[in-house]
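Counting convention: from 1, in listed order, for ligands and their atoms alike. Heads up: numbering here begins at 1 and tracks the sequence.
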Amino acid sequence: MSCSFDLTHYAEVLEAAKRGRYRFTTFGEPPSRGDIFLRHDIDLSLEAALTMAELEAEHGIATTYLLMTESVFYNLASSEGVAAIARLRELGHAVGHHAVHPNVELDDRFDPVVSWHNPQAEYMSRSIPGAVNVYAEPYFDPPTYRSDSNQHWRSGCPHEELRGGGFPWLQILVHPEIWVYQGGTMGLTMRSMLNADKARRLEQLAADGIDLS
Ligand SMILES: [Zn+2]
Ligand SMILES: [Zn+2]
């Protein structure tokens with residue numbers, strides 16, 4: 001099994017967790033043995049989020065999608081953004097806020113779950129009134145946390161330990177963009193995301209009545 005950042009290996013990670021008898025759960029109850037809190041901070045692409053959400057649903061898994069209200073890359077208030085939230089809900093996923101500190105917006109689009117975008121140490125693990133902070137106790141503890149930041153698992157890809165039941169419980173952060181779009185490096189993966197986005201933008205321009213001749 002090669003630990004590449006693509007949807008084939010992503011599905012293998014999900015199946016490894018099932019084999020290790022883990023159960024996928026959403027933030028609310030404190031962690032108990034065998035829980036996996038799989039969360040997605042959506043920094044760049046709602047399309048990638050939806051692709052991953054569909055794949056998880058095919059595997060019978062519900063996870064937590066944290067969406068930004070202040071992204072420079074997508075607009076949650078647009079028709080696309082509204083449709084994305086509706087589809088995530090329809091697939092059974094939880095939807096929380098990926099917030100830019102200190103702006104927590106917990107309106108009725110979101111479950112009361114917050115992850116900070118690019119968090120700083122001084123506030124990262126502080127409790128947030130009325131919401132779960134995924135970086136705070138009891139959900140956040142470095143030995144039971146794995147993140148795929150910039151296509152690099154700091155403590156290694158978790159699939160082997162998941163399959164063997166090696167974690168008591170685990171929180172995993174997965175960024176859909178770096179699995180859905182392909183490239184040999186992070187830079188190439190981002191460029192392939194931008195190429196896909198260009199095609200989408202041209203369709204949007206045509207739909208908006210812009211003469212592209
Ligand atoms: Zn792996
Ligand atoms: Zn982020």
Side-chain angles (χ1 to χ4, degrees), residues 1-20 22 24 27 36-49 52-53 55-56 59 61 63-76 81 84-85 88 93-106 110 113-126 128 131-136 139-140 145-167 170-182 184 186 189-190 193:
M1 199 179 285
S2 88
C3 291
S4 44
F5 288 90
D6 57 36
L7 292 179
T8 304
H9 190 52
Y10 187 64
E12 287 167 347
V13 173
L14 298 180
E15 288 304 314
K18 285 193 200 168
R19 185 91 68 85
Y22 289 97
F24 289 85
F27 297 88
I36 292 192
F37 300 88
L38 176 49
R39 88 173 215 258
H40 305 290
D41 288 353
I42 308 305
D43 293 324
L44 307 173
S45 165
L46 292 173
E47 288 67 38
M52 186 158 269
L55 176 82
E56 289 168 342
H59 286 262
I61 287 166
T63 67
T64 300
Y65 284 79
L66 297 127
L67 307 179
M68 299 185 78
T69 47
E70 297 179 50
S71 172
V72 294
F73 295 100
Y74 63 84
N75 179 2
L76 205 56
I85 294 178
L88 290 170
H93 300 297
V95 177
H97 189 211
H98 190 41
V100 177
H101 190 268
N103 306 330
V104 171
E105 286 177 60
L106 288 174
F110 303 113
V113 180
V114 172
S115 67
W116 295 120
H117 177 61
N118 295 337
Q120 300 299 308
E122 63 265 27
Y123 62 78
M124 177 167 139
S125 296
R126 252 189 238 153
I128 299 171
V132 163
N133 174 1
V134 301
Y135 287 117
Y139 300 102
F140 186 76
Y145 184 77
R146 289 284 189 282
S147 163
D148 67 351
S149 299
N150 276 308
Q151 295 186 325
H152 176 70
W153 294 102
R154 222 163 295 162
S155 309
C157 175
H159 85 258
E160 203 68 59
E161 265 173 287
L162 283 172
R163 193 165 37 186
F167 299 103
L170 190 65
Q171 182 186 160
I172 315 176
L173 167 57
V174 165
H175 296 86
E177 301 90 348
I178 65 181
W179 298 76
V180 168
Y181 298 107
Q182 292 302 290
M186 184 66 189
T189 301
M190 289 296 94
M193 179 185 77

Looking only at N, O or S atoms in H117, which is nearest to the Zn ion (ligand 2)?
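Among the N, O or S atoms of H117, the one closest to the Zn ion (ligand 2) is ND1.
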Would you say the side chains of H117 and D41 form a donor-acceptor pair under 3.5 Å?
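Side-chain D/A pair, H117 to D41: absent.
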Restricting to N, O or S, what is the name of the atom of H159 that lies nearest the Zn ion (ligand 1)?
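Output for this pair reads ND1.
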The Zn ion (ligand 1) is nearest to which N, O or S atom of H9?
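The H9 atom nearest to the Zn ion (ligand 1), restricting to N, O or S, is NE2.
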Against the six-membered ring of F140, is R39 placed for a cation-pi contact (under 6.0 Å from the centre, within 45° of the normal)?
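That pair does not qualify as a cation-pi contact.
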Just to the nearest 10 degrees, tell me the angle at the Zn ion (ligand 2) spanned by D43 OD1 and H98 NE2.
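About 90°, to the nearest ten degrees.
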Dump the intermediate steps for side-chain hydrogen bond (donor to acceptor under 3.5 Å, both in side chains) on E12 and H9, then the final yes or no.
CA-CA 5 Å; E12 287 167 347; H9 190 52; 2.8 Å; yes
Verify the ring-centre separation between Y135 and W116: is it less than 6.0 angstrom?
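They do not qualify: ring centres at least 6.0 Å apart.
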